[in-house]
Every structure is written in C-alpha cells, then in structure tokens.
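One structure is given below, encoded as structure tokens.
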Amino acid sequence: MGADFDRLHPELRRRFSVGLAGGEACTGHGVMDRVWHGRGFLKPFLVLGGTRNILVPRAGRNVPFMIENVPYADTFGRETVSFVRTFDLPGRSRRFDAQMVLSPKGDRVLDYLGTHQHLASDLHLRAEPDGSLLIRSGEHRFREGPVDVRVPELIGADAEVRESFDDSTGRFHIRVRVVNRHFGPLFGYEGSFRATYTDVRTRGVRPGLRPVREEARA
C-alpha cells in the first residue's frame with residue numbers, strides 16, 4: 001500500500017501489520033449480525049466450496065465469529081498470514097480459510113483460498129478517506145499440479161471487504177460481499193469484533209490453522 005497505509009486508522013494499521021518481524025498474532029472475537037447467501041440454485045456450489053473451507057453454505061443472524069491472523073513462514077519460506085474465519089452456526093461451525101502470501105519480490109499480496117490453496121487471487125488494498133480499509137479481489141486462478149488456469153467469469157466471483165474501527169465501542173466492523181458477475185450475490189457477512197494480540201514466537205501456530213496443501217506458485 002505504500003504511503004496509503006499511513007492513512008488507515010491506527011488500530012487497522014496495527015491489525016494489518018501482523019507479521020514475522022513484529023512477532024504478533026491477532027485474534028478477533030465477535031458477532032456477525034448477518035451471514036447470508038444468494039439464490040437457492042447457488043446452494044450446491046456453496047456446499048461444494050464448503051467442503052474445502054471456501055465460502056459458507058449456511059445463513060444465520062447474530063452468529064458468534066472468530067478470525068485468526070497468524071504470521072508464519074510457509075513450506076516454501078514465504079511470509080504468510082492466516083485469515084481463518086470460524087462461524088459458530090447452528091448445528092456445526094463453518095470455516096472460511098484464506099492465507100495471504102507476500103510475493104517473492106514483495107510487490108503484491110496473493111490470497112490463497114481453502115484448505116488446499118487451489119484458488120488464488122491478487123488483492124488490491126486501498127485506504128478510504130475515513131481511515132477504513134477496502135480490499136478487492138483481482139483475477140482468480142485455479143492451481144493444481146501442472147494446471148494453472150484463469151477461472152472463467154461464469155463460475156468466478158469478485159470479493160469486496162470493508163473493515164473499519166469504531167473508537168466509541170473499541171470494535172472492528174467488517175462487511176464482506178462475494179458476487180458473481182452473471183448470477184449476482186453469492187455470499188457475505190457483516191458484523192463486528194474485538195481484537196487481542198499475542199506473541200506468536202512463544203505460542204506458535206496452532207494445529208489445524210495452516211492449509212493441508214501449500215501451493216508453490218506466487
């Protein structure tokens with residue numbers, strides 16, 4: 001983000017400075033006012049994605065929520081930060097996993113989705129005039145073995161994340177929308193949470209937080 005990073009609210013700067021150099025991990029606990037998904041015929045695709053912790057096929061209101069941002073060096077030595085979201089929905093918890101990887105040149109952030117990092121997207125980050133952060137996904141790619149192909153627009157989706165901090169409540173507010181250009185809204189959630197910080201050098205990365213498979217390409 002360069003100088004744009006300095007325009008973020010100080011609490012957002014701290015939260016998104018989580019990394020190996022600082023040694024801090026950030027855990028957020030809160031409530032999503034609403035977790036929603038799109039039209040009924042999209043449900044099978046959400047269920048399929050849910051098997052790899054991509055998207056969430058259940059809807060709900062006032063859903064307890066946790067997000068874990070933990071820095072670590074992945075199998076290939078790249079600095080990585082987990083963005084693992086857990087929604088305590090009725091019946092069972094659901095996870096939406098992503099790992100942000102800094103490219104070897106340090107010029108971009110790549111978002112790998114799911115337990116096996118089959119889906120990758122460049123992220124575009126921007127500070128808004130009110131100090132909030134806007135994140136938009138770029139082109140999606142599917143990667144498995146020798147396969148590295150662009151995901152067609154027909155089945156792909158654009159994600160938009162808006163995160164801010166409310167000084168009066170001491171809470172982060174987040175709103176996420178995932179939209180397909182042809183079929184409309186697929187999935188999203190909105191709510192708030194409080195964050196705590198721990199020393200990752202003493203606590204490490206808890207079992208089950210890292211993906212099952214890590215993709216070498218960045």
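Only heavy atoms go into these numbers, but all of them, side chains included; no hydrogens, no water, no symmetry mates.
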With sequence neighbours excluded, what pairs up with [X] under the side chain to side chain donor-acceptor pair (under 3.5 Å) test?
X: T202; answer: none
X: D148; answer: R141, R143
X: Q117; answer: none
X: R13; answer: none

Side-chain heavy atoms of [X] within contact of [Y], under 4.5 Å:
X: S132; Y: R162; answer: no
X: R210; Y: T75; answer: yes
X: R52; Y: R95; answer: no

Check your understanding: Given E214 and Q99, is the side chain to side chain contact (heavy atoms under 4.5 Å, CB included) satisfied, shown in steps?
Key -> CA-CA 10 Å; E214 292 179 335; Q99 313 291 330; over 6 Å; no

Hey, could you give me the [atom1]/[atom2] distance between [X] and [Y], rounded to the nearest 0.5 Å?
X: L134; Y: L125; atom1: CG; atom2: CG; answer: 8.5 Å
X: L133; Y: R7; atom1: CG; atom2: CZ; answer: 11.0 Å
X: F187; Y: I54; atom1: CZ; atom2: CD1; answer: 11.5 Å
X: E79; Y: L20; atom1: CD; atom2: CG; answer: 4.0 Å

Between [X] and [Y], which heavy-atom pair has the shortest distance, and what is it?
X: A157; Y: L186; value: CB-CD1, 3.6 Å
X: C26; Y: V18; value: CB-CG2, 3.8 Å
X: A127; Y: L8; value: CB-CD2, 3.7 Å
X: V205; Y: P71; value: CG2-O, 4.3 Å
X: G60; Y: V63; value: C-CG2, 3.7 Å
X: L12; Y: S164; value: CD1-CA, 4.0 Å

Qualifying ring pair (Phe, Tyr, Trp, His ring centres under 6.0 Å) pairs with a residue from [range], counting only residues at least two apart or across chains:
range: residues 194-218; value: none
range: residues 6-39; value: H9-F165
range: residues 111-139; value: H116-H118, H118-F142

Quick one: list whatever passes side-chain contact (heavy atoms from CB on, under 4.5 Å) with [X], sequence neighbours left out.
X: R85; value: F65, I67, F83, F87, F96, A98, Y189
X: A159; value: S137, V178
X: V161; value: I135, I174, V176

Check your understanding: Taking only residues at least two apart or on different chains, which pairs with a member in residues 65-76 satisfy salt bridge (charged side-chain N to carboxylate O under 4.0 Å, His left out)?
Key ->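 Listed once each, the pairs are E68-R206, D74-R78.
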
Review point. Which residue pairs pass the salt bridge (charged side-chain N to carboxylate O under 4.0 Å, His left out) test with at least one member in residues 175-192, sequence neighbours excluded?
Key: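 Output for this query lists R34-E190, E153-R181, D158-R181.
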
Review point. Considering residues, nucleotides and ligands other than R150, do more than 12 of their heavy atoms fall under 6.0 Å from its CZ?
Key: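 Yes, CZ of R150 has more than 12 neighbouring heavy atoms, counting only those of other groups under 6.0 Å.
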
For [Y], does its backbone N or O pair with a side-chain atom of [X] as donor and acceptor, under 3.5 Å?
X: S121; Y: G138; answer: yes
X: E128; Y: D130; answer: no
X: R94; Y: V56; answer: no

Could you see if [X] belongs to whatever hydrophobic cluster contains [Y]? Use Ile, Leu, Val, Met, Phe, Trp, Tyr and a side-chain cutoff under 4.5 Å.
X: L113; Y: M100; value: yes
X: F5; Y: V109; value: yes
X: L123; Y: V101; value: no
X: V35; Y: F193; value: yes

Point to revise | E163: which of R126, R171, R15 passes salt bridge (charged side-chain N to carboxylate O under 4.0 Å, His left out) | key: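 Only match with E163 under salt bridge (charged side-chain N to carboxylate O under 4.0 Å, His left out): R15.
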
Point to revise | Steps toward side chain to side chain contact (heavy atoms under 4.5 Å, CB included) verdict (E139, D122) | key: CA-CA 6 Å; E139 178 182 279; D122 286 340; over 6 Å; no

